[in-house]
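Just so it is clear, the model here is predicted, and its values are computed rather than measured. Residue numbers begin at 1 in each chain, while the letters A, B, ... track the order of the sequences.
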2 protein chains.
Amino acid sequence: MDMKIQSTVPEAITELLRAHQITPTSQRVKVAGILFAEPAHFCAEQVYVRVNADDAEVSKATVYNTLGLFVARGLVRQVFVEPGKVFYDSNTKPHHHFYDTGSGELTDIDALGVALHELPPLPADTELDSVDVIVRIKRQFKTRRV
Amino acid sequence: MDMKIQSTVPEAITELLRAHQITPTSQRVKVAGILFAEPAHFCAEQVYVRVNADDAEVSKATVYNTLGLFVARGLVRQVFVEPGKVFYDSNTKPHHHFYDTGSGELTDIDALGVALHELPPLPADTELDSVDVIVRIKRQFKTRRV
DNA sequence: GTTAGACTTAGAACAATTCTAAGCCTATAA
DNA sequence: TTATAGGCTTAGAATTGTTCTAAGTCTAAC
Ligand SMILES: [Mn+2]
Ligand SMILES: [Mn+2]
Ligand SMILES: [Zn+2]
Ligand SMILES: [Zn+2]
């Protein structure tokens, strides 16, 4: 069963964490509250800023620890689109991404199921881990009418 | 025209660089010699080590400058599969990758042309830059016969 | 109440990359 | 020939994102 948060009610979040074998500390609940308010793509720094929007209460180390834990428990998934910055994606359903190379924004693409069909066989003695499709896009040059 | 190196003959490399508006300095020819000996996936550090296999003659700064220049001129392409490490791919034909999460090895997959067909329309006012497909694989668990 | 283990934290350490600013090389112009 | 200018290379410093360390805090069970 694929649990999803309906509201930002702390109890629901607490539940979600417990369901994934994570003891719901106040810091973890805060981080989860940000990630699961809606499907989103945040980097660690963005989570850190949001989680401390009022007063600073969660350290950067804890943000990283928590994100790492959520990844390990499958609550969140990492997306690599650029060197030196990881995005944490609270949509864990199989899907792909548009990446706007100008703004750095990620947008979801529903999984196609098609790419897989046409894949060559995996190398010997290996099994599939995941398929990531990143469609890099850029803002269009102003085209002059011909 | 899509020029490719047949041998490691310096003259051919010099030609290739000139054809891409790059003045062929000794350092650039060395770096190109490593990248284009055969299609390969190197990170900057690997290029640095290889280029200085005998005696140290090319600085790390120059390796990065050169790789950046080759990317800008389309001689080489970057692949992002992990945070904090860029691979430089001397195969610039459209293609995709297997990524062995255990060994960190990249293997080419001939472009399918399929993923594209099933893509949703691009967001408004954007144009396609590139499509990267990364198939993450892992060494198979020893399966016991049932 | 104690205690053990899990959790959090500030700051140091780290790794990949980029920047800086000074020297070098080479092609052309005097 | 020698000067000059631009592009190129370089060592090392700086930056960035992330992980590590070691000490303190919390909490749940005894
Ligand atoms: Mn997503
Ligand atoms: Mn490749
Ligand atoms: Zn779930
Ligand atoms: Zn070419």
Side-chain angles (χ1 to χ4, degrees), chain A residues 10 13-14 17-18 20-35 41-52 54-73 75-89 99 101 104 106, chain B residues 13-14 17-18 20-35 41-52 55-73 75-89 104 106:
Chain A
I13 291 177
T14 292
L17 297 186
R18 286 233 176 77
H20 287 265
Q21 336 286 0
I22 296 169
T23 27
T25 65
S26 75
Q27 292 87 339
R28 288 166 179 177
V29 170
K30 270 196 164 189
V31 170
I34 282 148
L35 289 172
H41 307 104
F42 293 130
C43 66
E45 176 68 22
Q46 292 174 307
V47 172
Y48 177 71
V49 167
R50 278 173 175 72
V51 93
N52 291 314
D54 3 354
D55 13 65
E57 297 160 59
V58 183
S59 74
K60 196 158 275 193
T62 295
V63 169
Y64 276 102
N65 288 344
T66 301
L67 291 172
L69 180 63
F70 286 4
V71 169
R73 292 290 199 281
L75 268 174
V76 136
R77 129 189 189 197
Q78 295 181 307
V79 183
F80 313 122
V81 278
E82 290 214 337
K85 183 173 278 183
V86 176
F87 283 95
Y88 293 87
D89 187 345
Y99 179 63
T101 54
L106 275 174
Chain B
I13 291 179
T14 292
L17 296 186
R18 286 233 176 75
H20 287 264
Q21 337 284 358
I22 296 168
T23 27
T25 65
S26 73
Q27 292 88 338
R28 287 166 180 178
V29 170
K30 271 196 165 190
V31 170
I34 282 149
L35 290 172
H41 308 103
F42 293 129
C43 66
E45 177 67 23
Q46 292 175 306
V47 171
Y48 177 71
V49 167
R50 277 173 174 70
V51 93
N52 291 314
D55 14 64
E57 295 161 58
V58 182
S59 74
K60 196 157 275 192
T62 296
V63 169
Y64 275 102
N65 288 344
T66 301
L67 290 172
L69 180 62
F70 287 4
V71 169
R73 293 291 198 282
L75 266 174
V76 137
R77 131 192 188 196
Q78 296 180 308
V79 182
F80 313 122
V81 277
E82 291 214 338
K85 183 174 277 183
V86 177
F87 283 94
Y88 293 87
D89 188 342
L106 276 174

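Distance CD (A:Glu45) to P (D:dG17): 7 Å, rounded to an integer number of Å. Protein atom NZ of A:Lys60 is 11 Å distant from nucleotide atom P of D:dT16, rounded to whole Å. Regarding B:Glu82, its CD atom lies at a distance of 15 Å from the C1' atom of D:dT19, rounded to whole Å. Per the geometry, CG belonging to B:Asn52 stands 13 Å off P belonging to D:dT9, to the nearest Å. Rounding to whole angstrom units, CD of residue A:Gln27 and P of C:dA6 are separated by 17 Å. Protein atom CZ of B:Arg28 is 11 Å distant from nucleotide atom P of D:dT10, rounded to whole Å. Taking atom CD1 on B:Ile22 and atom P on D:dC8, their separation rounds to 10 Å, with Å as the unit. The distance between atom CZ of B:Phe80 and atom P of C:dT17, rounded to the nearest whole Å, is 10 Å.
For residues 56-69 of chain A, every residue pair satisfying the salt bridge (charged side-chain N to carboxylate O under 4.0 Å, His left out) rule, not counting sequence neighbours, is listed here: A:Lys30-A:Glu57, A:Glu45-A:Lys60.
Between B:Gln46 and B:Phe87, the shortest heavy-atom distance links the atoms OE1-CE2, 4.5 Å.
In terms of phosphate contacts, B:Thr23 brings a side-chain nitrogen or oxygen within less than 4.0 Å of OP1 or OP2 of D:dC8. When the side-chain nitrogen and oxygen atoms of A:Thr62 are compared with OP1 and OP2 of C:dT9, one or more of them lie within a distance under 4.0 Å.
If you check D:dT9, C:dC7, C:dA10 against the side chain of B:Thr25, the one that comes closest is D:dT9. For B:Ser59, the side-chain atoms get nearest to D:dT10 when compared with the rest of D:dT10, C:dA16, C:dT8.
The CG atom of B:Asp89 sits 10.5 Å away from atom CD of B:Gln78, with the distance rounded to the nearest 0.5 Å. A distance of 7.5 Å separates CZ of B:Phe42 from CD1 of B:Ile34, quoted to the nearest 0.5 Å.
B:Leu69 is linked by a side chain to side chain contact (heavy atoms under 4.5 Å, CB included) to B:Ile22, B:Arg28, B:Arg73, counting only residues two or more places apart in sequence or in another chain. By the side chain to side chain contact (heavy atoms under 4.5 Å, CB included) test, A:Glu82 is found to be paired with A:Tyr99, residues two or more places apart in sequence or in another chain being considered. Considering only residues two or more places apart in sequence or on other chains, A:Thr62 meets the side chain to side chain donor-acceptor pair (under 3.5 Å) condition with A:Ser59.
Of the residues in residues 63-71 of chain A, those placing a heavy atom less than 4.0 Å from an atom of DNA chain D are A:Tyr64, in numerical order.
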Please list, for nucleotides 21-27 of chain D, all pairs of protein and nucleotide N/O atoms separated by less than 3.5 Å.
none

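Using a 4.5 Å heavy-atom cutoff, the side chains of A:Leu75 and A:Leu35 are not in contact.
Under the side chain to side chain contact (heavy atoms under 4.5 Å, CB included) test applied with A:Tyr88, the options A:Val63, A:Val71, A:Val47 reduce to a single match, A:Val71.
B:Glu57 comes within 4.0 angstrom of the backbone, heavy atoms only, and of no base.
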